[in-house]
Student: 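Structure incoming, see below.
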4 protein chains.
Amino acid sequence: MRAYDLSQKNIRQKKMISVCCGAFPSDKEAELAYEVGREIGRRGAILVCGGLGGSMEAACRGSKEEGGMTIGIIPFYEKQAANEFIDIVIPTGLGHARNNIVAATGDGVIGVGGSWGTLSELSIAFKMGKPVVSLGGWDVKSPTGKDEGFVIVNTPYEAVSIALGEGTGQLRNEGA
Amino acid sequence: MRAYDLSQKNIRQKKMISVCCGAFPSDKEAELAYEVGREIGRRGAILVCGGLGGSMEAACRGSKEEGGMTIGIIPFYEKQAANEFIDIVIPTGLGHARNNIVAATGDGVIGVGGSWGTLSELSIAFKMGKPVVSLGGWDVKSPTGKDEGFVIVNTPYEAVSIALGEGTGQLRNEGA
Amino acid sequence: MRAYDLSQKNIRQKKMISVCCGAFPSDKEAELAYEVGREIGRRGAILVCGGLGGSMEAACRGSKEEGGMTIGIIPFYEKQAANEFIDIVIPTGLGHARNNIVAATGDGVIGVGGSWGTLSELSIAFKMGKPVVSLGGWDVKSPTGKDEGFVIVNTPYEAVSIALGEGTGQLRNEGA
Amino acid sequence: MRAYDLSQKNIRQKKMISVCCGAFPSDKEAELAYEVGREIGRRGAILVCGGLGGSMEAACRGSKEEGGMTIGIIPFYEKQAANEFIDIVIPTGLGHARNNIVAATGDGVIGVGGSWGTLSELSIAFKMGKPVVSLGGWDVKSPTGKDEGFVIVNTPYEAVSIALGEGTGQLRNEGA
């Protein structure tokens, strides 16, 4: 047996961040998603999302522009349904149930904007015990008061920092 | 071929209501779930839920006390994990993804209490276009203002009426 | 709290048998599926299947003619896609992955005919450790010789007996 | 907006091959899986599998030794359950239903050895219309005679060629 080629072993060591966002965003939501994608790319994390259009596509475009890697977990069997900025397409055929896999795959989860599919992903990710951050959309606190709910942030930089489990440190001005 | 035996055909004609609620409720949440179950049983609808304990069990107990039928869509493969008031156990083995099937199976969906799994089910049911009612827990309005969000009600009677797609008509005092 | 109404508690005590079969059967396959459904209905078991047309519909028709109960676990979200002989529709929206739930739900599993979806269901049911019977179709033995593979039978009566975990006893002539 | 960085766009252009094989293989099965993995790595395709141990691990080790990329679609939520040669872990939490995603993700599918989970994956991949090749295990022909069934091959080189949709051309001696 040959010596183990380490050339891509670092992929496994990269953090994954799931970006939950809508297919039919407002311009502002899409712009935020794009900036979140860029920030994820700059930080060297892998971007995971639902793989379709709208904010999902914007986030992936941002990540690819910064040299990042992107994974699209799509609800259909047809890989071509994924947006063009997806590197790895997982064609689940599971319909809405693919949202759970998007939530499960990220080491941290960022919601951008206010679609209901996004809320389902953030909720289940929160239940899974992951860091869940919300930007420009859902601000949901538990009615039971048992926990703090989503972390609400104002910039893509903060969102990515918290999703990565880092302190937010010195915040940069993202202009977002 | 024999004539078609109609004896159970009316099962298909019954409405199904999904009750989304937690496994570790407060006493008040469990009591509400029990009353929702009773109301569903009285109205002759089939109760669908995640099939486990806590509020799920309380709702099923209520339904069975009124002669209703109950379906438990559980996350495990082991049928015995379902509570004792479940008539039909669907052992999905899908983990959290079974929430989507709970949401999809109800013709209407009622959330009771404030757990995060409940919120994921209500959110995806709302996206699916079903009537979604919340009782004693989540009061979530879309940050985009594009829609009305969950219908917030105060009694099990109202909850079941709206989940059945009926006008609430003359509200009874449920004492709940 | 009222006394527990036992009127439908016996549903949970009934055995469930999953019938795996194709949507585009030959006449002979559909006839076999129909006879399997009748036998399941006569034995008082609940018939579980993929809920669509062809042999699935034939099996359900047979069961209903004998007063049985039927569950259709369909790949779509639209309940109306289920055949008319289904009592309880579970609209999973999971595509082919719903096959796993069909396999998991039966206490025993019967394959009728030779479609590839059927083989996927029988294989995974066998892996789950359930009794798996094949009638008029797949005769698959493990290439490893580690196990016996599917039980091949010649009549619906035998198929249902083995799926129920019973000895086949005195075989009736099914004319099948 | 910056110019689009193409540095990893070629990932999407790579073919994906799903390797379906068991967690508890014989030595011969594991060796075959390892050689299949090496061949996939040499051809520049991405290897997809169920991500756990046994033959799955052997195949991934082979691929990594040749500089390939590997994706593990695992049945659990815990990423650490994936073998150490997986680059991208998709923690579905779906139990056996994850087999369907393994089948769906490959552009072609190779079965190695004779486990029942493998057969379920090959069967559903065949139904999906993908090239399905079997090596050292299942030799299943449809009882209906409507199709040819799995392509049975003798070497990893042939297996990968057919899974890639290529003619097998001049066969190399793989010594496998």
Side-chain angles (χ1 to χ4, degrees), chain C residues 20-30 32 50 55 73 75 92-105 109 111-130 132 134-150 152, chain D residues 20-30 32 50 55 73 75 92-105 109 111-130 132 134-150 152:
Chain C
C20 304
C21 52
F24 304 100
S26 67
D27 288 350
K28 176 159 181 49
E29 287 175 336
L32 271 177
S55 285
I73 299 174
T92 68
L94 295 175
H96 296 299
R98 75 82 148 79
N99 288 13
N100 291 269
I101 305 181
V102 173
T105 301
V109 176
V112 181
S115 84
W116 289 94
T118 296
L119 183 56
S120 79
E121 287 171 311
L122 298 183
S123 304
I124 207 69
F126 193 90
K127 181 165 185 177
M128 291 172 179
K130 296 177 188 285
V132 176
S134 179
L135 178 67
W138 296 106
D139 182 359
V140 172
K141 300 296 178 195
S142 167
T144 67
K146 287 181 189 166
D147 51 60
E148 297 291 319
F150 309 152
I152 312 300
Chain D
C20 304
C21 50
F24 304 101
S26 68
D27 288 351
K28 177 157 180 51
E29 286 175 336
L32 270 179
S55 285
I73 299 174
T92 67
L94 295 176
H96 296 298
R98 75 83 148 79
N99 289 13
N100 290 268
I101 305 182
V102 173
T105 301
V109 176
V112 181
S115 84
W116 291 94
T118 296
L119 183 55
S120 78
E121 287 171 309
L122 299 184
S123 303
I124 208 69
F126 193 89
K127 181 165 184 177
M128 290 171 178
K130 295 176 187 285
V132 176
S134 180
L135 178 67
W138 295 105
D139 182 358
V140 173
K141 300 296 177 197
S142 168
T144 66
K146 286 183 190 166
D147 50 60
E148 298 291 318
F150 309 153
I152 312 301

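Residue numbering restarts at 1 for every chain, and letters A, B, ... go by the order of the sequence lines.
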Student: Which one of Gly114(D), Ser26(D), Ala104(D) has the most heavy-atom pairs closer than 4.5 Å to chain C?
Tutor: Gly114(D)

Student: Using a cut-off of under 4.5 Å on heavy-atom pairs, state which of Gly137(C), Gly117(C), Ala103(C), Ser120(C) scores highest against chain D.
Tutor: Ser120(C)

Student: Given that the side chain runs from C-beta out, which part of Lys141(C) has a heavy atom under 4.5 Å from chain D: side chain, backbone, both or neither?
Tutor: backbone

Student: Please find the pair of heavy atoms, one from Gly50(C) and one from Pro75(C), that lie closest to each other, and give the distance.
Tutor: O-CD, 4.2 Å

Student: Quick check on Glu121(C) against chain D: is it the side chain, the backbone, both or neither that has a heavy atom closer than 4.5 Å?
Tutor: neither

Student: Asp147(C) versus chain D, heavy atoms under 4.5 Å apart: side chain, backbone, both or neither?
Tutor: side chain

Student: NZ/Lys146(D) to CZ/Phe24(C) distance, rounded to the nearest 0.5 angstrom?
Tutor: 9.5 Å

Student: Do you know which of Ile124(D), Asn99(D), Leu94(D), Thr118(D) has the most heavy-atom pairs with chain C at a distance under 4.5 angstrom?
Tutor: Ile124(D)

Student: Work out which heavy atom in Cys21(D) is nearest to a heavy atom in Ser115(D); give both atom names and the distance.
Tutor: C-OG, 4.4 Å

Student: Counting only non-hydrogen atoms closer than 4.5 Å, does Thr144(C) touch chain D with its backbone (N, CA, C, O), its side chain (CB onward), both, or neither?
Tutor: side chain

Student: Rounded to the nearest 0.5 Å, what separation is found between the CD1 atom of Ile152(D) and the OG atom of Ser134(D)?
Tutor: 4.5 Å

Student: How far does CG of Leu122(D) sit from NZ of Lys130(D), to the nearest 0.5 angstrom?
Tutor: 13.0 Å

Student: To the nearest 0.5 Å, what is the distance between NZ on Lys127(C) and NE2 on His96(D)?
Tutor: 6.0 Å

